[in-house]
Amino acid sequence: MGVIRPFRPGDEDALAAVCLATAAAGSDGAGILTDDGLWADLYLLPYLDRHPDLAFVAEDAEARPAGYIVATDDTIAFDAWFAKRWWPAHRARYAHADANARQWAIVAEADARTESSALRATHPAHLHIDLLPVLQGQGTGRRLVDTLVEALRERGVRGLHLGADARNAGALAFYDRLGFARAASPEGAQLFTLDL
């Protein structure tokens, strides 16, 4: 069972490696995109930059980061900041003529960064969580979610949402076990909500 601790500056590279190792519906995403860095630049690093106080790290038995949870307590404000501040500073690295089709699709999605407006209103927080296999099945994911939920409740946040790849059966079962409710979802994804 991994130790849970707050994010510390200097964790970024280790957490980006976890992000990449789980980017393909829970499996290794290395080589799927032209530039592997896009995964972390969308789903990890902006959260560490804007909300380091809502980032928690799970360590393995050797005290190495092997999992994390990151979040925002206000998706509307986060998306506005992402579009104005974060993404313009990073986009050029990924939107170039040599990028493969999958990368272009993800860049286009980031360009039009949107979440379900209904979920943003009723469940304003959202999260991303990733664990390497060494920490899976031991309750570490539940402890990460519980740690984040406690931090969000302390801020008075009333609801949390997230999206999972519909092909990631393990993740879908995990959120079901934790009491998240399935919400109407676009094709290929499954959205979940949790009332706080």
For [X] and [Y], which heavy atoms make the closest approach, and how far apart are they?
X: P52; Y: D49; value: CD-O, 3.8 Å
X: A189; Y: S185; value: O-CB, 3.3 Å
X: Q103; Y: L33; value: OE1-CB, 3.4 Å
X: W39; Y: A23; value: CD2-CB, 3.5 Å
X: V134; Y: A66; value: CG1-CB, 4.1 Å
X: F56; Y: A151; value: CZ-CB, 4.3 Å

L48 and Y68: CA distance, side-chain angles, deciding distance, side-chain contact (heavy atoms from CB on, under 4.5 Å) verdict: CA-CA 11 Å; L48 298 180; Y68 63 85; over 6 Å; no
Check: I32 main-chain N/O paired with N100 side-chain donor or acceptor under 3.5 Å: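 Present.
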Short side-chain to backbone donor-acceptor contact, D11 and R8, under 3.5 Å: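 Yes, because the side chain of D11 sits within donor-acceptor range (under 3.5 Å) of the backbone of R8.
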Roughly how far apart are [X] [atom1] and [Y] [atom2], rounded to 0.5 Å?
X: T22; Y: N168; atom1: OG1; atom2: CG; answer: 9.0 Å
X: R153; Y: D73; atom1: CZ; atom2: CG; answer: 15.0 Å
X: H96; Y: R91; atom1: NE2; atom2: CZ; answer: 11.0 Å
X: F7; Y: L44; atom1: CZ; atom2: CG; answer: 8.0 Å
X: W81; Y: T72; atom1: CH2; atom2: OG1; answer: 9.0 Å
X: L172; Y: R182; atom1: CG; atom2: CZ; answer: 5.0 Å

Are [X] and [Y] side-chain neighbours, meaning at least one heavy-atom pair lies under 4.5 Å?
X: L160; Y: T193; result: no
X: E12; Y: L45; result: yes
X: L131; Y: Q136; result: yes

Centroid-centroid distance, F180 to H161, less than 6.0 Å: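 Here the rings of H161 and F180 have centres that are no less than 6.0 Å from each other.
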Steps toward side-chain contact (heavy atoms from CB on, under 4.5 Å) verdict (T147, I69): CA-CA 9 Å; T147 301; I69 193 167; 6.0 Å; no
Chi angles and distances behind the side-chain contact (heavy atoms from CB on, under 4.5 Å) call for V107, W87: CA-CA 10 Å; V107 166; W87 188 230; 4.0 Å; yes
Derivation of the side-chain contact (heavy atoms from CB on, under 4.5 Å) call for L42 and I106: CA-CA 9 Å; L42 291 181; I106 294 172; 3.3 Å; yes
Derivation of the salt bridge (Lys or Arg N to Asp or Glu O under 4.0 Å) call for R5 and E59: CA-CA 8 Å; R5 63 166 175 81; E59 296 181 338; 2.5 Å; yes
Result of checking L15, I4, V3 against V57 for side-chain contact (heavy atoms from CB on, under 4.5 Å):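 Between V57 and the candidates, side-chain contact (heavy atoms from CB on, under 4.5 Å) is satisfied uniquely by L15.
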Distance-only donor-acceptor check, side chains D41 and W86, under 3.5 Å: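 Absent: no donor and acceptor within the cut-off.
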By ring-ring contact (aromatic ring centres under 6.0 Å, His included) - contacts of F192 (at least two apart):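 Expected list: Y175.
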ring-ring contact (aromatic ring centres under 6.0 Å, His included) partners for Y94, two or more places apart: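 Partners of Y94 by the ring-ring contact (aromatic ring centres under 6.0 Å, His included) criterion come out as none, since no residue qualifies.
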Geometric class of the Y47/H128 ring pair [parallel <30°, tilted 30-60°, perpendicular >60°]: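 Ring orientation of H128 relative to Y47: perpendicular.
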Salt bridge (Lys or Arg N to Asp or Glu O under 4.0 Å) assessment of D79 paired with R120: CA-CA 10 Å; D79 284 350; R120 294 192 313 177; 3.5 Å; yes
Residue pair D35, R93: steps toward the salt bridge (Lys or Arg N to Asp or Glu O under 4.0 Å) verdict: CA-CA 8 Å; D35 188 329; R93 173 178 169 182; 2.8 Å; yes
